[in-house]
Amino acid sequence: MPTYRSGLDFALESDKNDVLASYRNQFHMPKDSNGNQLIYMTGNSLGLQPKLTKAYIEQELEDWANLGVEGHTDAKNPWLPYHEFLTESMAGVVGAKPIEVIVMNTLTVNLHLMMVSFYKPTKTRYKILIESDAFPSDKYAVESQLRHHGFDDTDGLILWKPRKGEELLRYEDLEVILKREGDAIALIMIGGVNYYTGQYFDLKRITELGHKYGCTVGFDCAHGAGNVKLNLHDSGADFAVWCTYKYLNSGPGSLAGCFVHERHAHRKDLNRFTGWWSHNKQTRFNMRDPFDQLPGAEGWQLSNPPILSMAAIRASLDIFHEVGIEKLVEKSKRLTGYFQFLLKELGEDVIRIITPENPEERGCQLSIQVVNADKTLHNRLTEAGVISDWRAPDVIRCAPVPLYNSFEDVYNLVERLKGILK
Ligand SMILES: *Cc1c(COP(=O)(O)O)cnc(C)c1O
């Protein structure tokens, strides 16, 4: 266990010893109207812009200007295979093999495409299990899949809920649900790191449990990718999806990631939606050939992708590739551990942290309940130069991101919170 001390000197000393400290300068830090740097704690919502990004996008704009359609083959980074330049780094970030990973579409779209292939309900096995406080888009998506297949979206949805008076989910309770209803569950779809509580689930444990009962298992890793060490391949999950605009710093609405486990890479029996980008690259432009499925996650692509968005992803992934997810997670644990330490000093009668205490069961985000607080507290934090976010009914989410947040940021955040609470 790392040891922490209160006082600014500890924060400054930790920043001095931080091998990743210089990366902060590689990002644009938002400022207030007086030009003072804000304390940005919402990398879990929209990651900051790497300074590199502009040059990467400008390169593609320039090649488009100079080459027009020839850029597909003649651009410095040719557009036809552009997504391939992202694969290896992205696979490294999520702990997958290159054949298992593709960057395409946006998150909820990918979730639907995965359900087209991995939600195959029958008359007796048609239910979908999600966590009770799943991200709304995920809940809406699975409900619509149930309706699409002619099932009732209330009857068909099973919620893994926390116990009364608790916030976090327990695996024993999931086991009970599966023992009782496992035969009726077609798909288990869980947010790998819950957006609200920050609980990082044991993906492998959930997958093994689900598979034991004959369910397919997928994860939405929007809050996991770039935040925790995911090991998607080893988890054995059938599929996973994630976005790139949160911890992966690739810009608002940027393209999303998708993982399909290697064991499905060559399957032709899976139901899927297809387009010309799921077709064999060698014969794609013959135009009149019968459909020939690309193997691996690439085979789920539909369209030729937006290069400008991919350029932003590439800039960001280059940073992740250079740093490595191990080093990042190591700092993250120290930084968030420090954050937890300072919050606890405020007293449990004032503040409750609902995120798991065990660093293996969370990423960098802490979800904080302030006793008797309402949204005005969050507004005052914003006025004090802290960008955090408020999630009803009473939670402030703060995510010190190891790539660009410092120990001093965390110290200042808690000092300002302290000032407001007084
Ligand atoms: C951020 C997030 C989304 C957002 O979906 P988009 O399709 O990118 O708009 C969906 N699900 C989860 C779990 C998220 O964290």
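Just so you know, these numbers come straight off a predicted model, no measurement behind them. The residues of the chain are indexed from 1 along the displayed sequence. Atoms within a ligand are numbered from 1 in the order they appear, just like the ligands themselves.
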Would Lys344 and Glu357 pass as an ion pair if we require N to O under 4.0 Å?
-> yes
Out of Val241, Asp220, Leu107, the nearest non-hydrogen contact to atom 13 (C) of ligand 1 is supplied by Asp220
Regarding Glu62 and Lys76, does a basic nitrogen lie under 4.0 Å from an acidic carboxylate oxygen?
no
Atoms of ligand 1 under 4.0 Å from any heavy atom of Lys246, numbered from 1 in the order shown, are 1 (C), 2 (C), 3 (C), 14 (C), 15 (O)
Parallel, tilted or perpendicular: ring planes of Phe118 versus Trp300, cut at 30 and 60 degrees: parallel
Among Asp138, Thr108, Leu111, the residue with a heavy atom nearest to atom 11 (N) of ligand 1 is Asp138
Value for CD1 (Ile185) from SG (Cys215), rounded to nearest 0.5 Å, stands at 5.0 Å
Report yes if Tyr245 has an N/O atom closer than 3.5 Å to an N/O atom of ligand 1; otherwise report no. yes
Presence of salt bridge, Lys331 and Asp18, under 4.0 angstrom:
yes
The atoms of ligand 1 lying under 4.0 Å from a heavy atom of His223, numbered in the order shown, are 15 (O)
